[in-house]
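Inspection log for the structure reproduced underneath, given as structure tokens.
Here is how names work: the chains are called A, B, and so on, in the same order as the sequence lines, proteins then strands, and each is numbered from 1.
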Amino acid sequence: MFQEEQKQVEQQIYNIFKENSLPLPEDLAWTPVPFSGEWGISTSFFKVAALEAKSEKSLNVPQRAEEIAQLVAENLPPQEYFSRIEAAGGYLNLYFDSRLFSARVVNTVLSTEFFGKGDPKGKTLMVEFSQPNTHKAFHVGHLRSAILGDAVCRILEFAGHDVIRANYYGDIGLHVIKWLWNYQKFHSGETPPADATRWMGDLYAEAIRRLEENPGLESEIRELYGRWDRQEPEIVDLWKQTRQWSVDGFRDLYDVLDIHFDRFYANSEVEIQGKEMVDELIKKGIAEDLRPDDAVIVRLDDLLGLKKEKYRVLVILRSDGTALYSTEELALAKLKFEEYSLDKSIYVVDVRQSLHFQQVWKTLEIAGFSWAENLEHLSYELVNLPGNVVMASREGTVVLLEDLIREAKSRAFEVVEEKNPDLNQKEKKDIARAVGLGAIKFPMLDRENTRIVTFDWETALDFNGQAAPYIQYAHVRANSILKKADGLPAAAIDPVYELDPTEVSLIENISQFPAVIQNAAREYKPLHLTHALYEVARSFNAFYRQAPVLTADPEVRDFRLQLVEASRIVLSTGLNLLGIEAPKVM
RNA sequence: GCCCUCGUAGCUCAAUGGAUAGAGCACCGGACUUCUAAUCCGACGGCUGCAGGUUCGAAUCCUGCCGAGGGCGCCA
């Protein structure tokens with residue numbers, strides 16, 4: 001927002017450096033001055049001083065940095081946008097003129113079509129996220145990939161990338177065969193009830209139970225897998241029909257979560273191509289075919305001439321010739337680049353599969369696919385239950401998504417009824433949905449990707465504190481003021497009064513928003529956004545308490561109204577980027 | 001055995017190598033005749049697991065150790 005001014009000062013500083021024959025720093029690395037009630041940008045001269053110290057051993061770096069800062073501060077020409085220049089401990093701090101700064105920030109937000117939106121980067125990224133297995137339940141453990149992936153896509157898009165959202169569902173594999181086996185034997189002809197996904201999961205759990213009780217039945221599973229592999233119509237038809245039940249159920253869940261995809265890839269879709277690629281790898285001498293006694297493997301460490309084990313051995317086809325996850329993964333990676341012209345292909349998958357991806361990608365690299373270097377794993381830690389219990393359908397240690405959503409909505413509904421009993425049923429339900437889903441999504445985003453989320457009902461349904469409802473509430477308050485104000489002042493307004501500290505702090509947080517988006521996009525970390533947004537909400541709430549808008553003197557009121565509108569825009573944009581609704585009342 | 005994460009306030013978590021390490025929860029004390037108190041203000045709370053190293057400067061980078069979790073040939 002102040003690039004021009006920053007560049008200008010930068011040039012002036014360079015000139016001072018030249019005049020004093022100081023070594024030119026490569027870049028000044030501007031940062032905001034640690035906020036203390038005044039806006040400013042800051043740079044330091046430690047690097048330059050350290051550079052000098054190399055030729056002049058006796059030099060005290062911090063002292064010299066301070067001298068340079070003093071020198072620059074004294075020699076900079078008078079500034080329009082900076083009202084105060086200060087050298088402090090090796091830093092040079094340039095403080096903005098508060099009137100010009102606040103007016104610029106607020107006017108920029110109001111006059112930009114999408115404040116914070118980055119310039120088009122001309123890069124196409126595919127983000128694959130949410131990889132549910134058909135014929136299984138969809139539980140809270142599956143939620144993180146979906147929610148994180150969705151938010152990352154929204155942020156990347158807003159930051160200026162072209163994003164293709166891919167879903168990859170596992171519709172074949174041993175788990176599916178086990179389900180089909182159980183269905184054929186014990187549930188033949190049944191159709192799913194309204195809650196299809198839960199029912200699919202129940203039947204899967206039942207299949208596992210039966211097989212554990214009677215391990216001898218495993219041979220029937222092998223046999224059935226063989227029949228599927230030979231594409232026997234009876235089995236294929238049943239598989240297709242039952243798979244659809246799951247797929248439809250997943251789509252319903254994605255709709256509820258407001259998550260959409262551009263392309264659905266099925267596991268089975270890439271099976272044939274996967275096997276073909278395995279053949280090629282064997283021909284090229286990259287893979288070893290040890291069938292029928294052993295599988296088809298790639299000895300990665302040997303191929304790379306590594307002495308210490310790193311990539312180990314990747315199995316790419318079972319000894320009986322059926323496909324593995326890795327078989328399909330090889331083909332899927334290729335298919336993605338064939339279908340789209342991608343600059344990068346990102347996989348949002350949990351951390352347990354890190355090695356797996358490294359192996360597959362290294363194999364593709366060895367096979368000579370140039371795009372293999374543009375594959376990227378966005379790994380995240382699991383959602384566990386208290387006591388670090390992993391959610392697993394077969395262990396029965398799961399919280400079903402349907403249950404969580406229902407509970408969160410109903411809890412939110414109770415609160416709405418208590419806080420705002422006059423609203424009609426429809427409004428209350430809409431708010432309950434926004435708040436309930438926000439409460440579910442926020443904890444999955446407001447955390448370093450590499451850290452485990454521990455799910456417990458109490459925390460998940462706690463609407464207080466550092467959580468989505470807090471931000472939504474600030475948005476509601478902003479809306480409420482604007483509604484009562486009956487329109488905004490038509491023209492841009494400069495504040496002609498001394499700003500309240502809460503206003504200063506609010507404007508500071510708003511001004512950071514565009515940079516935060518870029519940062520979150522670059523690092524694939526919605527966390528940066530949740531944090532910044534919380535800060536905007538917090539400073540807005542303080543402002544709301546401290547600085548009256550509607551009852552203020554006209555010139556104060558006009559500027560504050562614009563500030564409220566700017567806050568509203570940032571809050572709703574930010575929530576939207578997290579996939580969280582921003583209700584107008586609650 | 002090899003590899004990957006993580007270790008920060010009582011608890012849950014932040015902090016592009018940069019200035020006095022910050023929030024929420026919990027606990028304690030205050031604020032509703034006010035634009036919605038799902039809010040605000042204050043107090044309490046820290047040898048950033050330990051020991052070295054690199055650097056003008058380390059919670060952050062490197063090495064070792066301790067602790068927790070995860071991954072390592074036909075599950076996905």
Side-chain angles (χ1 to χ4, degrees), chain A residues 29 31 33-34 36 42 44 46-47 49-50 53 59-65 88-91 93 131 133 136 170 173-175 267 290-291 294-299 308-320 322 324-329 349-356 358-359 379 381-382 384 388 390 412 415-416 418-420 435 443 446-448 450-454 459 462-467 469-470 472-474 476-478 480-485 502 515 519 522-523 527-528 530-531 534-535 538 541-542 544-552 560 564 585-586:
Chain A
T31 56
V33 178
S36 60
S42 170
S44 67
F46 296 108
K47 292 214 165 69
L59 208 61
N60 176 315
V61 172
Q63 199 183 323
R64 179 62 184 151
Y91 292 87
N93 297 329
Q131 299 85 354
N133 284 322
K136 274 190 175 182
L174 274 179
H175 68 281
N267 219 190
L290 305 175
R291 287 175 294 175
D294 204 341
V296 179
I297 61 169
V298 181
R299 296 185 198 274
K308 252 168 99 175
E309 50 181 0
K310 183 170 181 191
Y311 296 102
R312 299 161 190 275
V313 174
L314 176 64
V315 180
I316 55 174
L317 200 67
R318 286 200 187 87
S319 47
D320 65 4
T322 55
L324 285 158
Y325 193 63
S326 54
T327 319
E328 287 137 1
E329 203 66 74
V349 182
D350 79 63
V351 65
R352 290 175 302 187
Q353 293 185 42
S354 298
L355 177 61
H356 164 81
Q358 280 188 48
Q359 291 177 321
S379 85
E381 263 293 356
L382 303 181
N384 287 346
N388 223 10
V390 177
V415 182
V416 184
E418 180 200 324
K419 306 276 182 194
N420 232 330
V435 172
D446 184 39
R447 181 163 315 222
E448 193 66 61
T450 52
R451 290 182 75 131
I452 295 172
V453 171
T454 302
T459 314
D462 186 358
F463 299 149
N464 295 314
Q466 210 164 343
Y470 180 91
Q472 290 169 318
Y473 185 61
V476 162
R477 283 178 145 181
S480 178
I481 292 175
L482 293 165
K483 196 175 159 197
K484 292 201 166 143
T502 60
N519 208 13
R522 191 176 48 251
E523 299 184 2
L527 161 74
H528 292 311
T530 60
H531 256 254
Y534 177 78
E535 288 303 319
R538 200 152 70 98
N541 277 328
Y544 181 93
R545 194 65 175 177
Q546 193 61 36
V549 178
L550 298 176
T551 55
R560 284 188 178 161
V564 171
V585 284
M586 63 188 268

Legend entry - Side chain of A:A295 - closest among B:C56, B:G69, B:C74: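 For A:A295, the side-chain atoms sit closest to B:C74.
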
Legend entry - Side-chain N,O (A:R352) to OP1/OP2 (B:U5) below 4.0 Å: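 No, A:R352 has no side-chain N/O under 4.0 Å of OP1/OP2 on B:U5.
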
Legend entry - Short side-chain N/O contact to B:G7 OP1/OP2 from A:R451, under 4.0 Å: yes

Inset, instruction - Indicate, with a heavy-atom threshold strictly under 4.0 Å, whether A:Q353 touches base, sugar-phosphate, or nothing. - result: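 Counting heavy atoms under 4.0 Å across all strands, the contact made by A:Q353 includes a base.
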
Inset, instruction - Using a heavy-atom cut-off of under 4.0 Å over every strand shown, decide if A:V564 touches base, sugar-phosphate, or nothing. - result: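 Here A:V564 touches no strand at all.
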
Inset, instruction - Determine if A:F46 stacks with B:G57; use a centre-to-centre distance below 5.5 Å and an interplanar angle below 30° as the criteria. - result: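 It does not: the ring fails the test against the base of B:G57.
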
Inset, instruction - Return the stacking result for B:A19 and A:Y91: yes when the ring centres lie under 5.5 Å apart and the planes under 30°, no otherwise. - result: yes

Legend entry - B:A68 - base-pair partner by Watson-Crick or wobble geometry, distances under 3.5 Å: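 Answer to the pairing question: B:U5, which forms a Watson-Crick or G-U pair with B:A68.
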
Inset, instruction - Using both distances under 3.5 Å as the test, list the Watson-Crick or G-U wobble partner of B:A59, or none. - result: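 Paired with B:A59, as far as the under-3.5 Å criterion goes, is no nucleotide at all.
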
Legend entry - Polar side chain donor-acceptor pair, A:N519 to A:R522, under 3.5 angstrom: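 On atom types as modelled, these side chains qualify, holding a pair under 3.5 Å.
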
Legend entry - Salt-bridge criterion met for A:R451 and A:E448 (N-O under 4.0 Å):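 No.
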
Inset, instruction - Could you tell me how the ring of A:Y534 sits relative to the ring of A:Y470: parallel (under 30°), tilted (30 to 60°) or perpendicular (over 60°)? - result: tilted

